[in-house]
There are 2 protein chains.
Amino acid sequence: MRADAARNREKVLVAARELFAEQGFDVPLDEIAARAGVGPGTVYRHFPTKQALFQAVTEARVATMIASADEPAEDPGRALFAFLSRMADEAAAKRDMSDAITVPSELRDRLHTALGGLLQRAQQAGTVRTDITTKDLVALMKGMLQSMHEGANPAVLLEIVLSGLQSSRKP
Amino acid sequence: MRADAARNREKVLVAARELFAEQGFDVPLDEIAARAGVGPGTVYRHFPTKQALFQAVTEARVATMIASADEPAEDPGRALFAFLSRMADEAAAKRDMSDAITVPSELRDRLHTALGGLLQRAQQAGTVRTDITTKDLVALMKGMLQSMHEGANPAVLLEIVLSGLQSSRKP
DNA sequence: TGCCAACCGGGGCGTGCGTTCCGTATCGTC
DNA sequence: GACGATACGGAACGCACGCCCCGGTTGGCA
């Protein structure tokens with residue numbers, strides 16, 4: 001790979017990281033190119049599609065989270081809650097985390113699977129109500145993460161969801 | 001107003017009601033026109049903008065809900081929960097309810113205000129945790145309603161949110 | 001029945017975006 | 001230092017959508 005190509009690839013990644021974090025996946029690709037000081041065509045020389053660029057930017061962080069979710073925990077309930085808290089924290093700080101759970105990609109599917117595993121183990125441990133499915137949890141998180149970018153208090157939202165997950169019947 | 005004009009206006013309203021319910025606010029206006037059997041121009045003769053059409057379609061239902069929310073209740077906690085349940089039911093059946101809380105309009109603002117009133121009274125009655133604001137509640141509902149169109153179980157989601165709102169500290 | 005105003009349809013404009021194409025500039029090698 | 005491969009930039013394409021315009025049509029009143 002030519003030196004200038006590598007340099008440009010890096011500039012694109014840096015710009016994308018910043019803008020995806022600030023504005024989420026919806027940021028126009030031309031804006032990323034502009035911030036990187038290159039043309040849109042250059043972006044496409046390095047990444048075949050916008051999704052691919054997004055995945056390249058979020059890959060490391062999300063993969064780390066998934067790995068931590070997959071390792072066995074002594075308290076599955078705590079493990080799930082910790083994971084959700086971490087997602088909430090990330091989402092509160094960077095707008096791309098809430099899109100990582102939404103934008104179609106192999107990474108997103110792995111994230112969903114990891115969530116499903118955590119949920120199942122927490123349910124088997126009796127910490128979380130059993131009438132909730134992976135799909136429900138993903139939908140709930142999707143909604144919660146999105147809500148965080150609309151001026152709501154992240155900590156309060158998280159508390160509500162966590163205490164709602166607790167296994168208990170209707171009041 | 002000419003007879004054919006009134007007839008077309010009605011056809012547009014019917015088509016818009018169906019399509020907004022099925023696909024939400026994002027349905028292309030041309031599709032509404034096509035379903036109504038008229039041209040896009042005709043739609044704009046009767047409604048100055050897409051938002052105006054949307055408001056005309058949702059006005060009656062939302063206004064009714066707001067009215068029911070504003071009348072005093074003996075149990076403010078139950079009143080809030082009933083209202084949220086009703087919103088969830090509507091949203092589960094029709095995709096436009098979850099957009100009524102989002103699409104900018106004077107109607108949406110009234111809905112937010114009504115929610116705020118319900119929340120405040122429930123908090124004063126001690127049924128709902130006091131560290132949540134109107135903005136938080138709106139964001140939470142926004143997320144929950146959106147989640148309902150992604151295959152999640154509406155009843156379970158609602159239960160989680162309601163039990164999370166209950167005034168209690170962290171586990 | 002004839003006339004005019006009101007209304008209709010749909011083609012078209014402007015915009016924004018993801019993506020592609022190609023003439024030009026640049027890098028790295030011989 | 002020259003040459004070929006490689007990469008660059010940005011103009012342009014295709015698409016989708018909200019919205020407007022205009023030639024033709026239709027409805028209702030005299």
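Model, not experiment: these values are computed from the prediction. Only heavy atoms go into these numbers, but all of them, side chains included; no hydrogens, no water, no symmetry mates.
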**Report entry** Minimal non-hydrogen separation, A:Gly24 against A:Asp99, with atom names
**Finding:** CA-OD2, 3.2 Å
Report summary line: The salt bridge (charged side-chain N to carboxylate O under 4.0 Å, His left out) partners of A:Glu22 (sequence neighbours excluded) come to A:Arg35
Report summary line: Of all heavy-atom pairs linking B:Ile101 and B:His112, the shortest is O-NE2, 3.1 Å
Could you pull out the protein-nucleic contacts involving nucleotides 22-25 of chain D (nitrogen or oxygen on both sides, under 3.5 Å)?
none

Query raised in the report: About how many Å separate CZ of B:Phe54 and CG of B:Leu29, when rounded to the nearest 0.5 Å?
Result: 13.0 Å
Query raised in the report: Are B:Val57 and B:Tyr44 grouped together when hydrophobic residues (ILVMFWY) are joined by side-chain heavy atoms under 4.5 angstrom apart?
Result: yes
Query raised in the report: Hey, is the side chain of A:His46 poking within less than 4.0 Å of OP1 or OP2 on D:dC8, counting only N and O atoms?
Result: yes
**Report entry** Distance below 4.0 Å between A:Thr42 side-chain N/O and D:dA7 OP1 or OP2
**Finding:** no
Query raised in the report: Should A:Asn8 be listed as having a side-chain N or O under 4.0 Å from OP1 or OP2 of D:dA7?
Result: no
Report task. Please check if B:Met87 and B:Val103 belong to a single hydrophobic cluster, counting links between Ile, Leu, Val, Met, Phe, Trp and Tyr side chain heavy atoms closer than 4.5 Å. Result -> no
**Report entry** B:Lys94 NZ to B:His149 NE2 distance, which is reported to the nearest 0.5 Å
**Finding:** 12.5 Å
Query raised in the report: Excluding sequence neighbours, so at least two apart, what forms salt bridge (charged side-chain N to carboxylate O under 4.0 Å, His left out) with A:Arg110?
Result: A:Glu59, A:Glu106
Query - Nearest-nucleotide 5' precedence on DNA chain D, B:Met1 against B:Pro40 - result: B:Pro40
Query raised in the report: To the nearest Å, how far apart are A:Asp4 CG and D:dA5 P?
Result: 17 Å
Query raised in the report: Between which nucleotides of DNA chain C, read 5' to 3', does contact with chain A run, using atoms under 4.0 Å from its heavy atoms?
Result: C:dC17 to C:dG28
**Report entry** Plane angle bin for A:Phe20 and A:Phe25 - parallel if under 30°, tilted between 30 and 60°, otherwise perpendicular
**Finding:** parallel
Query raised in the report: What string of B, S and - do you get for nucleotides 13-18 of chain D 5' to 3' if you count protein non-hydrogen atoms under 4.0 Å?
Result: ----SS
Query raised in the report: Going by an N to O cut-off under 4.0 Å, is there a salt bridge joining A:Arg17 and A:Asp96?
Result: no
Name each donor-acceptor pair under 3.5 Å that joins a side chain in residues 134-142 of chain A to protein atoms two or more places apart or in another chain, with its distance.
residue, atom, partner, partner atom, Å
A:Asp136, OD1, B:Asn153, N, 2.6
A:Asp136, OD2, A:Thr133, N, 3.1
A:Asp136, OD2, A:Thr133, OG1, 3.1
A:Lys142, NZ, B:Glu150, OE1, 2.8

